[in-house]
Amino acid sequence: MGNKEFKQLFDHIAKFGGFEYVYGGWYKTSEECIVILELQKSNFGNYYDLNIKIYVQGIFNNNYIINKYLMKKDTGDIFRRQPSEFNSVFDFDEPMNDEERNVGLIKLFSNFIMPFTDKALLKSGIKELAEKGEITLLPAVRKELYKDNK
């Protein structure tokens with residue numbers, strides 16, 4: 001499987017999972033948050049990293065809309081990458097047949113991306129993810145996210 005076929009497979013699985021594609025990335029929205037998935041090709045090898053960006057509506061008085069800048073911006077209010085156990089799925093320097101890569105992507109979505117996104121689309125879910133150590137909140141983001149709880 002080449003890079004083009006991999007991106008097509010990722011696109012198919014993401015869309016099946018309810019993500020929409022625009023400006024080179026996939027997104028899901030709620031009234032509270034936007035979650036963006038972006039494949040970033042490495043300059044150092046034949047592999048991708050999955051950038052997962054979360055934008056929280058109202059944080060720092062921002063109201064986000066999907067546009068090219070938002071999709072391509074390096075980070076959101078919250079940023080993370082794929083769990084390390086899925087790195088081989090994105091690494092074309094590692095020997096893996098097409099079926100294994102396909103199964104790996106499906107597992108990534110079913111075991112991580114879908115449950116993670118369900119939580120990340122809600123402020124309460126973001127707090128839960130932070131408490132479990134699945135994401136790290138920068139101090140300013142943490143302060144904004146919890147300011148209504150004082």
Side-chain angles (χ1 to χ4, degrees), residues 3 6-94 101-150:
N3 290 338
F6 176 76
K7 289 171 92 174
Q8 289 172 340
L9 178 61
F10 190 95
D11 179 65
H12 176 75
I13 296 170
K15 286 178 178 174
F16 184 78
F19 285 85
E20 295 184 51
Y21 180 83
V22 67
Y23 303 116
W26 298 263
Y27 72 92
K28 267 190 178 182
T29 64
S30 72
E31 288 184 13
E32 296 184 21
C33 301
I34 299 172
V35 176
I36 293 175
L37 307 177
E38 177 191 34
L39 289 173
Q40 180 181 357
K41 180 72 172 80
S42 172
N43 293 326
F44 303 104
N46 192 17
Y47 65 90
Y48 289 92
D49 281 310
L50 177 62
N51 296 331
I52 304 168
K53 303 179 269 190
I54 305 168
Y55 295 90
V56 181
Q57 296 292 9
I59 203 165
F60 307 112
N61 294 316
N62 288 324
N63 290 307
Y64 299 106
I65 57 168
I66 297 296
N67 57 38
K68 189 173 184 175
Y69 176 76
L70 199 69
M71 296 299 291
K72 294 295 184 183
K73 188 176 174 186
D74 290 339
T75 61
D77 297 318
I78 302 159
F79 178 87
R80 75 159 290 163
R81 293 244 165 98
Q82 75 273 4
S84 60
E85 64 263 27
F86 293 102
N87 285 351
S88 62
V89 173
F90 295 92
D91 190 346
F92 291 92
D93 289 330
E94 287 198 25
R101 200 170 305 279
N102 186 17
V103 169
L105 270 179
I106 291 169
K107 284 183 181 178
L108 169 71
F109 271 85
S110 62
N111 296 348
F112 174 72
I113 291 176
M114 298 310 295
F116 178 87
T117 300
D118 288 345
K119 290 180 183 171
L121 285 171
L122 300 170
K123 291 177 184 177
S124 61
I126 290 171
K127 292 173 185 176
E128 181 183 333
L129 290 168
E131 289 166 11
K132 290 181 176 179
E134 293 186 42
I135 58 173
T136 301
L137 299 176
L138 296 173
V141 172
R142 176 178 292 282
K143 183 178 179 183
E144 280 285 308
L145 194 59
Y146 283 90
K147 75 179 180 183
D148 295 333
N149 292 353
K150 291 185 178 180

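These figures come from a predicted structure and were not determined experimentally.
- Taking CD1 from Ile52 and CG from Asp49, the interatomic distance works out to 10.5 Å, rounded to the nearest 0.5 Å.
- Formation of a donor-acceptor pair under 3.5 Å by the Glu144 side chain with backbone atoms of Ile59 is not found in this model.
- At a threshold of 4.0 Å, the pair Asp11-Lys7 does not count as salt-bridged, since none of the basic side-chain nitrogens sits closer than that to a carboxylate oxygen.
- When atom types are taken as modelled, the side chain of Tyr55 and the backbone of Ile78 share no donor-acceptor pair closer than 3.5 angstrom.
- A donor-acceptor distance shorter than 3.5 angstrom exists from the side chain of Arg101 to the backbone of Val89, with no hydrogens or angles considered.
- Shown here for Ala130 and Arg142, the closest heavy-atom pair between the two residues is CB-NH2, 4.3 Å.
- Closest non-hydrogen pair, Asp91 versus Tyr47, comes out as CA-CB, 3.6 Å.
- Applying the ring pair (Phe, Tyr, Trp, His ring centres under 6.0 Å) test between Trp26 and each of Phe16, Phe19, Tyr21 identifies Tyr21 as the sole match.
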Could you walk me through whether Arg80 and Phe116 pass the side-chain contact (heavy atoms from CB on, under 4.5 Å) check? CA-CA 11 Å; Arg80 75 159 290 163; Phe116 178 87; 3.7 Å; yes

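- Applying the side chain to side chain donor-acceptor pair (under 3.5 Å) rule to Asn102 yields no partners; only residues at least two apart in sequence or on another chain are considered.
- Taking the side chain as every heavy atom from C-beta outward, Tyr23 and Leu70 never approach each other to under 4.5 Å.
- Taking the centre and axis of the six-membered ring of Tyr146, the NZ or CZ atom of Lys127 falls inside the cone set by 45° and 6.0 Å.
- In this structure, the separation between CG on Leu129 and OG1 on Thr136 is 11.0 Å, given to the nearest 0.5 Å.
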Pair Phe10, Tyr48 - check ring-ring contact (aromatic ring centres under 6.0 Å, His included), show working. CA-CA 12 Å; Phe10 190 95; Tyr48 289 92; 8.9 Å; no

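- Note that the CZ atom of Phe79 and the CG atom of Leu137 stand 14.5 Å from one another [nearest 0.5 Å].
- Annotation: side chain of Pro83 is in contact with side chain of Leu108 (closest heavy-atom distance under 4.5 Å).
- When all heavy atoms are compared, the tightest approach of Cys33 to Ile54 is CB-CG2, 4.5 Å.
- One finds the OG1 atom of Thr117 at 8.0 Å from the CZ atom of Phe109 (value rounded to the nearest 0.5 Å).
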Output, in order, the C-alpha distance, side-chain angles, deciding distance and verdict of side-chain contact (heavy atoms from CB on, under 4.5 Å) for Leu121 and Glu32. CA-CA 6 Å; Leu121 285 171; Glu32 296 184 21; over 6 Å; no

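- Residues satisfying the salt bridge (charged side-chain N to carboxylate O under 4.0 Å, His left out) criterion with Glu38, sequence neighbours excluded, are Lys53.
- Between the side chain of Gln57 and the backbone N or O of Tyr64, at least one donor-acceptor pair lies under 3.5 Å.
- A donor-acceptor pair under 3.5 Å is formed between the side chain of Asn67 and the backbone N or O of Tyr69.
- In the displayed structure, Lys41 atom NZ is contacted under 6.0 Å by more than 12 heavy atoms of other residues, nucleotides or ligands.
- Glu128 has a carboxylate O that lies under 4.0 Å from a charged side-chain N of Lys132, or vice versa, which qualifies the two as a salt bridge.
- In this structure, the side chains of Met114 and Lys28 come closer than 4.5 Å at one or more pairs of heavy atoms.
- In this structure, CG in Asp77 is found 8.0 Å from CD1 in Ile126, a value given to the nearest 0.5 Å.
- Once rounded to the nearest 0.5 Å, the distance linking CG of Asn51 with NZ of Lys73 reads 13.5 Å.
- Heavy atoms only, all atoms of each residue included: Ile36 and Tyr27 are closest at CG1-CB, 4.0 Å.
- A donor-acceptor distance shorter than 3.5 angstrom exists from the side chain of Asp93 to the backbone of Asn46, with no hydrogens or angles considered.
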